[in-house]
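From a predicted model like this one, the values you see are computed outputs, not experimental measurements. Protein chains get the first letters and strands the later ones, always in sequence-line order, with residue 1 at the start of each.
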Amino acid sequence: MSEERSLNFIEQIVEEDIANGVNDGRVLTRFPPEPNGYLHIGHAKSIVVNFGIAQQYNGKTNLRFDDTNPVTEDTEYVESIKADIKWLGFTWDKELYASDYFEQLYAFAVKMIEKGLAYVEDATAEEIAAAKGTPTTPGTPTPARSRSVAENLDLFQRMRNGEFKDGEKTLRAKIDLASPNMHMRDPLMYRIKHAHHHRTGDKWCIYPMYDFAHGQSDSIEQITHSLCTLEFIPHRPLYEWFINELEIFPSHQYEFARFNMSYTVMSKRKLKQLVEEKIVAGWDDPRMPTLSGLRRRGYTPSSIRNLCERVGLQKREYMIDFSLLEFCIREELNKSANRVMAVLDPVKLVITNYPADKVEILTAENNPEDESAGSRQLYFSNTLYIEREDFMENPPKKFFRLGPGLVVRLKNAYVIQGESVEKDADGNITTIYATYLPGTKSGEENSNMTVKGTIHWVSAEHAASAEVRLYDRLFTSENPGSEEGDFKTFINPDSLQVIRNAMVEPALLQASPGDRFQFMRKGYFTVDADSTPEKVVFNRTVTLKDAWAKEKAKS
RNA sequence: UGCCUGAUAGUAUAACGGUAGUACGACAGACUCUGACUCUGUUUGUCUUGGUUCGAAUCCAGGUCAGGCAACCA
């Protein structure tokens, strides 16, 4: 067979661990989203990594919601996250919540206090920050740092009891105020929030911080390889310090570079802003990089998985070209999507030498890339709609379409020759007149005559009207998140164009939401959930590559 | 200024001391009843300076550049 794909650095670590009998060769990963927003394509990368590694090495993956901050989290997000993971094609072993461990985490905190490694702080956020020093100057202890174990135990119990207001007290680890790693300068373990939690309700008014919940949850679940993104590297010493001092199962953290893509933003905060300020229609707006948005746009789960795998896994930061995502979906849809004809910007074409009352039924193959896709029937008559841009009155040399005297093939039908046009008062073409060449119908004796161009069409009398939504990139800047100022100033004003009266093959009236088609010469489209029996709505997933557009752009 | 990461064509990735290869993009051409698909070809790269070695993208040292870290966010 072909040579093996080389192992990425995580696979190397896992294989080494298995070879050395670490955890008896057991592999258990976890995907730990915070339920405070919808999953995006960056999360897909993390899902593919975490679930993929486990699958590869006979392991399992837990889905664990990192729900330690009640004010931002909600069950709406829990449900969407679960749906998106399933859609991507992955199955988790256990569905878990960090909030399931609150009692255990509380006991861990008590243990830290008893060991003299945690204390209740009285200082405000500002005072704590000031006393932390700077990266180059050590911090200074607050008076609370020298409290007795007994007093800390009592105070922490009273924090839990609700005797203090938000922010009045915190629990801090007692580590090293002079550490060059700021995360080791007595980090917060617990804070007071009198807030309703989406799962524990009003049971708790103190909640653990990420650093005193994540690693401990990993350990409780006996996660073997805790895979996260680069920004958690400075947290690793703390992750290990807590596990070590708590003397609990030694999970290990490994970090990989997060997924970035050009012409979009990936931060949940920014995506949320787009939704809340109604710049997009919702989390599943087809322009959003969310999984629900990509789904509605027509992207397949396999195209997204494929993209994640192509990108690989490494520690250096990167920015993926939008064009790679487009390549992945085109590659798949080219093989699987049935071809149909849809005229997005219709202009009437009358064939003057074809009988006005005649209707022919022609046969068209559904997918030249897949014989098993079969064929369908098309109505042909003397009055058609063709694409306005497929006709030019004064065409340049390389224009292989219709014009006065120019010959072109109507896909699956006859060869025609352009004759004349009719215009309205403003000079816009209202009707194009042409003649057809008898015997040139697809399959007939003269059908092999060579013609430079082929255009798509629909029979005017038989066509159905449809709404088509053309999407383009949401931002005009390659990296809007890193630009100076408000990222919203780089919104692409033309990211959505709605066509209310496209003319399509009548059979498309029967299509269901989620169905995918190639509109010949135009792109790949999917049926939107907004469709009704009277009006089908199509979203453009991606255009076809367009050599003519490039040719035009040159001049 | 402290600590931590990292650096291979435009983008992304491979080569694990022995010919710098692949994909996407771009460009040129062939084919075409989709200016699609497919096929062929072209272009462009090891951050830098030293060192080790018969031999360095790879090992070592210095430098440069980029990113991260001083939330009661995760």
Phe517(A)-Tyr524(A) aromatic ring centre distance below 6.0 Å:
no
Taking atom P in both G18(B) and U13(B), compute the distance separating them and give it to the nearest angstrom.
22 Å
Do Lys169(A) and Asp122(A) meet the salt-bridge criterion of a basic N to acidic O distance under 4.0 Å?
yes
A36(B) and C27(B): how far apart are their P atoms, nearest whole angstrom?
12 Å
Could you tell me how far apart Phe164(A) (CZ) and C72(B) (C1') are, to the nearest whole angstrom?
15 Å
Base-contact (B) and sugar-phosphate-only (S) positions in nucleotides 66-71 of chain B, heavy-atom cut-off under 4.0 Å, - elsewhere:
-S-SBS
Starting at OH of Tyr207(A) and ending at P of C73(B), how long is that distance when rounded to a whole Å?
13 Å
To the nearest angstrom, the CG-P distance between Leu333(A) and U34(B) comes to 19 Å
Considering only heavy atoms, which members of residues 255-270 of chain A lie under 4.0 Å from some atom of RNA chain B?
none
So do Val468(A) and Arg540(A) actually touch side chain to side chain, heavy atoms under 4.5 Å?
no
Indicate whether Tyr210(A) forms a stack on A74(B); treat it as stacked only if centroid distance is below 5.5 angstrom and interplanar angle below 30 degrees.
no
Are Tyr239(A) and His252(A) an aromatic pair by the rule of ring centers under 6.0 Å?
no
C59(B) and U53(B): how far apart are their C1' atoms, nearest whole angstrom?
10 Å
Sugar-phosphate atoms are those with a prime plus P, OP1 and OP2; base atoms are the rest. Using that split, label each nucleotide of nucleotides 19-31 of chain B B, S or - for protein heavy atoms under 4.0 Å, 5' to 3'.
----SSSSSS---
Taking the same atom, P, in C24(B) and in C31(B), what whole-Å distance lies between them?
22 Å
Could you tell me whether the side chain of His456(A) has a donor or acceptor atom within less than 3.5 Å of a complementary atom in the base of A36(B)?
no
Tell me whether the guanidinium CZ or amine NZ of Lys315(A) lies under 6.0 angstrom from the six-membered ring centre of Phe256(A) and within 45° of its axis.
no
From CD of Glu127(A) over to P of C72(B), roughly how many Å is that when rounded to an integer?
12 Å
Which value, in whole Å, describes the distance between the P atoms of nucleotides U11(B) and G51(B)?
31 Å
Applying the Watson-Crick and G-U wobble criteria at under 3.5 Å, what pairs with A20(B)? Answer none if nothing qualifies.
none
Only pairs with both distances under 3.5 Å count, Watson-Crick or wobble alike; so what is the partner of G6(B) in this structure?
C65(B)
Between Gln417(A) (side chain only) and Leu437(A) (backbone N and O only), is there a donor and an acceptor less than 3.5 Å apart?
no
Looking at Phe322(A), is Arg473(A) sitting on its ring face, NZ or CZ under 6.0 Å from the six-membered ring centre and within 45 degrees of the normal?
yes
OP1, OP2 of A36(B) versus side-chain N and O of Arg339(A): anything below 4.0 Å?
no
Here the distance between atom P of A36(B) and atom CG of Asp390(A), to the nearest Å, is 14 Å
Looking just at side-chain N and O atoms, do Thr142(A) and Glu121(A) make a donor-acceptor pair shorter than 3.5 Å?
yes
Applying a 4.0 Å non-hydrogen cut-off, can you work out what Lys398(A) is touching in the nucleic acid: base, sugar-phosphate, or nothing?
base
With the side chain counted from C-beta on, respond yes when Leu544(A) and Phe519(A) share a heavy-atom pair under 4.5 Å apart, and no when they do not.
no
Whether Arg147(A) engages the ring of Tyr119(A) as a cation-pi pair (distance to the six-membered ring centre under 6.0 angstrom, angle to the ring normal within 45°) should be assessed.
no
N/O (side chain, Arg316(A)) to phosphate O (OP1/OP2, U13(B)) under 4.0 Å
yes
Output yes when at least one side-chain N/O atom of Gln314(A) is less than 4.0 Å from OP1 or OP2 of U13(B), else no.
yes
Measure from the ring center of Phe400(A) to the ring center of Trp548(A) and say whether it is less than 6.0 Å.
no
Aromatic centroids of Phe65(A) and Tyr97(A) separated by under 6.0 Å:
yes
Looking at Phe164(A), is Arg158(A) sitting on its ring face, NZ or CZ under 6.0 Å from the six-membered ring centre and within 45 degrees of the normal?
no
With C1' as the reference atom in both, quote the distance from U1(B) to C69(B) in angstrom, rounded to an integer.
15 Å
Between U58(B) and C47(B), how far apart are the two P atoms, rounded to whole Å?
8 Å
Distance between C1' atoms of A20(B) and A56(B) (Å, rounded)
12 Å
The Watson-Crick or G-U wobble partner of C31(B), with both key distances under 3.5 Å, is none
